[in-house]
Amino acid sequence: MLLEEDEERFWQLKTLEIKTDTQVTAFLNRDAVLQCNISQYSTLNIKKIAVIWYLETTTGGNDRRPVYSVIAGEHTSYRNGSQMDENNLKKGRAVLFLPQIQLNESGTYVCYVAVTPSKAEGTTILEVVGQPVIILSPEEVTVERDKEKTLSCIVNEFYPNLIVVQWEKNSKHSPDKSVPAEDICTGSSVENEDGTFNITSKLKLQPSLQDDGNVYSCIVKHKSFPMEPIFSVTLTVTEPKENVGWIPALLILIGLIFVIGFVVVYHRRFKKPLPLLDQIHCSADVPQPEELLTFTCRIHSYFPEALEIHWYKDDEPILEQFFVKYPTKGPDGLFSCISCIIYRLKAGDIAKRFFCKANLKGSQECKASAWEMKYRALPMMDEVQCSTDEPSFGTPLHIYCRIHSFFPPTIEVHWYKEGDPIPEKPFVSDPTKGHDGLFSCITSMVYLPKAGDVGKKFICKANLKGSQECEESVWEMKTLVFIPKVSPVECEPREPEFGKPITLFCVVRDFYPPECDICWKKGLKELTYATVKTGDPEQAPASNLYHRKSQVSFTPRPEDHAEDVVVEIKHCNRIIQNKYPLMLKGFPRVADIFIDPSNAEYGNTLSLTCEVMDFCPRGIRVQWLDGDNLIRNGVVTEEPVEDSNGSFKLSSRFQLVPTALDYDKTISFMVRHEKLTKPITKSVSLKLPAIPPDVSEIIQCQHGGITSLEISVSNFAPRDIRVVWYKGWKKISEDANPYICIAENKLCCFTSGICCLKETDIKKSFECTVFHPATKTIQEKSFVLKNGGHKNLHLLD
């Protein structure tokens, strides 16, 4: 007997439904949130469900890359930083959080939900856009009359590469905002390393005094902007300076001689040579974190002796004490020294640049030498994980591994089964930099298990590009589930009869592991009056797979006729069923109702035919029903005819011309016979098309001195429709069940209206909204009332 909690679960599984956003737009390097609502559930037991977010990496969904999964309560992130909140999941909201979204993560995301044995999925298209950074240069523009000046509008880091850059001029002398095209030069977009683009547009100015005070604007149109940003600059035009051209050539010559003499004396007596710095030397070629390093730098060719020296890590001063070897004076009178610093390397120093800067005391001019750390960290690997604890033969499984703590970010990944490379190309996520400066990534692959894979080891190997040193992680396929194959249920004897024992049997084969339960039922209930014999699992030497035979014996009762006897196999949390429709000899056998034509249309004749066979004795009663109502018209039933086996058969046909009132109507065929303890009923739904209504314009009518507004709604099916009238924003009438007529074309039609208004309503706007639920269409019509009456408002019949 079906338990109450099992019955509730059965109905819940039938209504499992996923609702996701059709499309989501996210900004580059910001967080993205994808919604996935599991409907018909108030609460969820996450120990009994599986939720997996995938990213489809090829058109059509041929390759799905896992992003995040929650399977039996266990959370697994395949994408660095991705999260799902468990409290939301318990409430039916499988929300995926993706921090710092990147361009290569655009695509179709699939939310897959499984509550055994039901499953459903929904898709969301994620579009990642890069919002441009815009610079208008220069910020202030002052130019002499008739001299040229160039404005630059620099647009950086935008995606996608669809952008419009425009220039406008606002002048107090003219309303025309256009800028001559020949003065504009816009270059081609240039792609950056991260996939974004840069573009520059330039505007040439050669103004007159009349242009003084003009405002020039750069306008950028891009899909990442809800409103177009405008960057403006005001032009200032000045008179040119007077050209002093009357200085005698002699004074020029004297000035030149004086300057040359001064330069010679300055270089000989007063010039202070700035220090020169050699390349910084490090005590280790490939330093490691926490290693104590010595940096040295030779500083030379400077004068005078007083010197200031500073050490930096990028732009950050190094606070450790450094030393300077006592300066020495060379034959040329210039000084040299060596500066050194002892520094313990930290994990966060990876890829940092170290600088030594030197300047003469009191001088602002300095020279620098730089050293960039050539650091290498071999990858470390977590254990290889599998998306399921019970891999199944013929079912793709996901194997994945996290690789971390490596530097530089160039990494090579290979997958092997035992010692053989796996031909399927693995997925490797883009390396993500951590707080310690080291990188991490996720690698995964989809593999189709084969019969001989039990006991095989799957190996993931990773190495820095160009390096022979590699790390590896291993996962062993300790078991492989082979889903049982169930033979058709057979009956002995082949024609079962009422009151005589029968045996039903089937063979369950090619399954592994051997644990397998077999149960026989009639419909949803166990056969309590039957004898069940099930053999032990036996192993086939050639394939190492198992098989077993099961049979059920019982004496059929009249109420067993036309019932399904079900064999149910439970294996590794899977349920497989085969059915045997028990048809007793001499009892009526009723075929399914046949509809001709299959694509029914309104107004065209439709035939429903049902055949009854193999009944004896001849007396029988058949009926066609519309719900609980007996159908009399259009029914033709043949007289029973004896067949070659001594049994009888007949055929009955019901013809109708469907109208819109027959939409989704259920028609039943009922058979009564003296051998039956209860009637046999076959049913079918008339799958007629839903057609949206045609809605006329609102017209103003006069009836007996009363002004009315009317609208015609026609040619729709089914009849369910809703009509709402508004005056301005106020609802004044609603009709959810109007009086419907069936037109000659067998579709619905009716007229809706409102009667006359007060004189104050003249020239007021009225609106009628027609909503048809079956086709999900909403149509609106509006009308301005003209002079035509002054009665009170009321609904037309």
Side-chain angles (χ1 to χ4, degrees), residues 1-3 5-14 16 47-50 71-72 114-120 387-397 448-451 453-454 477-492 494 496 501-554 556 560 562-583:
M1 184 173 182
L2 192 68
L3 296 177
E5 61 181 4
D6 292 333
E7 185 176 5
E8 180 182 354
R9 179 171 177 269
F10 173 77
W11 288 110
Q12 286 180 338
L13 291 175
K14 286 190 68 176
L16 179 64
K47 296 291 184 182
K48 297 182 180 180
I49 69 169
I71 302 176
V115 185
T116 305
S118 184
K119 59 185 179 180
S387 57
T388 177
D389 293 332
E390 295 180 345
S392 299
F393 173 74
T395 301
L397 57 86
L448 192 65
K450 303 176 178 61
D453 287 339
V454 178
M477 188 181 292
K478 296 181 179 180
T479 184
L480 181 61
V481 175
F482 285 77
I483 301 173
K485 298 177 182 177
V486 185
S487 70
V489 178
E490 298 184 32
C491 180
E492 184 63 39
R494 299 191 64 178
I502 65 170
T503 298
L504 303 178
F505 59 91
C506 74
V507 178
V508 183
R509 57 185 176 85
D510 296 343
F511 62 91
Y512 185 90
E515 293 76 17
C516 174
D517 294 329
I518 300 178
C519 176
W520 291 86
K521 297 180 179 181
K522 185 180 78 171
L524 297 174
K525 300 179 180 180
E526 288 195 29
L527 276 167
T528 55
Y529 53 90
T531 301
V532 178
K533 293 182 180 179
T534 301
D536 293 331
E538 298 181 19
Q539 191 173 26
S543 64
N544 292 325
L545 302 179
Y546 288 85
H547 62 273
R548 69 190 307 189
K549 182 178 180 180
S550 182
Q551 66 180 41
V552 60
S553 301
F554 62 97
D560 294 333
E563 293 283 353
D564 286 333
V565 179
V566 179
V567 58
E568 184 177 272
I569 297 92
K570 295 181 180 179
H571 181 261
C572 292
N573 298 320
R574 291 179 176 85
I575 297 178
I576 304 168
Q577 292 183 337
N578 260 8
K579 297 179 180 180
Y580 179 82
L582 185 59
M583 310 301 295

Colleague: Could you grab the distance from atom NZ of K522 to atom CG of L527, nearest 0.5 Å is fine?
Modeller: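 These two atoms lie 7.0 Å from each other.
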Colleague: Testing the 3.5 Å rule here: is there a donor-acceptor pair between the side chains of S553 and T503?
Modeller: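 Per modelled atom types, S553 and T503 side chains form a pair under 3.5 Å.
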Colleague: Considering only heavy atoms from C-beta outward, does the side chain of V565 approach that of W520 to under 4.5 Å?
Modeller: yes
Colleague: Answer yes or no: is there a side-chain heavy-atom contact under 4.5 Å between Q539 and N544?
Modeller: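 Heavy-atom side-chain distance check passes, below 4.5 Å.
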Colleague: Does the side chain of R548 come within less than 4.5 Å of T534's, by heavy atoms?
Modeller: yes
Colleague: What's the separation between atom NE2 in H547 and atom NZ in K485, rounded to the nearest 0.5 Å?
Modeller: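 If we round to the nearest 0.5 Å, H547:NE2 and K485:NZ are 14.0 Å apart.
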Colleague: Taking atom OH of Y512 and atom OG of S392, what is their separation to the nearest 0.5 Å?
Modeller: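 Going from OH on Y512 over to OG on S392, the span is 13.0 Å.
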Colleague: State, yes or no, whether a side-chain contact exists between L397 and M477 at a heavy-atom distance under 4.5 Å.
Modeller: yes
Colleague: Where do F554 and V532 land on the side chain to side chain contact (heavy atoms under 4.5 Å, CB included) test, with the steps shown first?
Modeller: CA-CA 9 Å; F554 62 97; V532 178; over 6 Å; no
Colleague: Considering all heavy atoms of both residues, which atom of V567 and which atom of C506 are nearest to each other, and what is their separation?
Modeller: CG2-SG, 3.9 Å
Colleague: Only counting residues at least two apart or in another chain, list the ones meeting ring pair (Phe, Tyr, Trp, His ring centres under 6.0 Å) with H571.
Modeller: F511
Colleague: Who are the ring pair (Phe, Tyr, Trp, His ring centres under 6.0 Å) partners of Y546, not counting sequence neighbours?
Modeller: none
Colleague: Just so I know, are the side chains of P496 and M583 near enough to count as touching, which here means a heavy-atom distance under 4.5 Å?
Modeller: no
Colleague: What are the two closest non-hydrogen atoms of L504 and V489, and how far apart are they?
Modeller: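 In this case the closest contact between L504 and V489 is CB-CG1, 4.0 Å.
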Colleague: With sequence neighbours excluded, what pairs up with F505 under the ring pair (Phe, Tyr, Trp, His ring centres under 6.0 Å) test?
Modeller: none
Colleague: To the nearest 0.5 Å, how far apart are OG in S543 and CZ in R509?
Modeller: 10.5 Å
Colleague: So how far is it from C491 SG to I502 CD1, rounded to the nearest 0.5 Å?
Modeller: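 Reported value, rounded in 0.5 Å steps: 4.5 Å.
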Colleague: Answer yes or no: is there a side-chain heavy-atom contact under 4.5 Å between I71 and T388?
Modeller: no
Colleague: With a 6.0 Å cut-off (strictly less than), is the heavy-atom count around NZ of K570, excluding the residue itself, greater than 12?
Modeller: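 Check fails, neighbour count at 12 or below.
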Colleague: Within the 4.5 Å heavy-atom criterion, are I569 and I575 side-chain neighbours or not?
Modeller: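 Not in contact.
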Colleague: Mind checking whether R574 and V481 have side chains closer than 4.5 Å, heavy atoms only?
Modeller: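 Yes, side chains in contact.
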Colleague: Which is it for V552 and T531 under the side chain to side chain contact (heavy atoms under 4.5 Å, CB included) test, yes or no, and what are the steps along the way?
Modeller: CA-CA 6 Å; V552 60; T531 301; over 6 Å; no
Colleague: What is the minimum heavy-atom distance between D510 and F482, and which atoms define it?
Modeller: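 That closest heavy-atom pairing would be O-CB, 3.7 Å.
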Colleague: As an exercise, state the distance from OG of S550 to NZ of K533, rounded to the nearest 0.5 Å.
Modeller: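 It comes to 11.5 Å.
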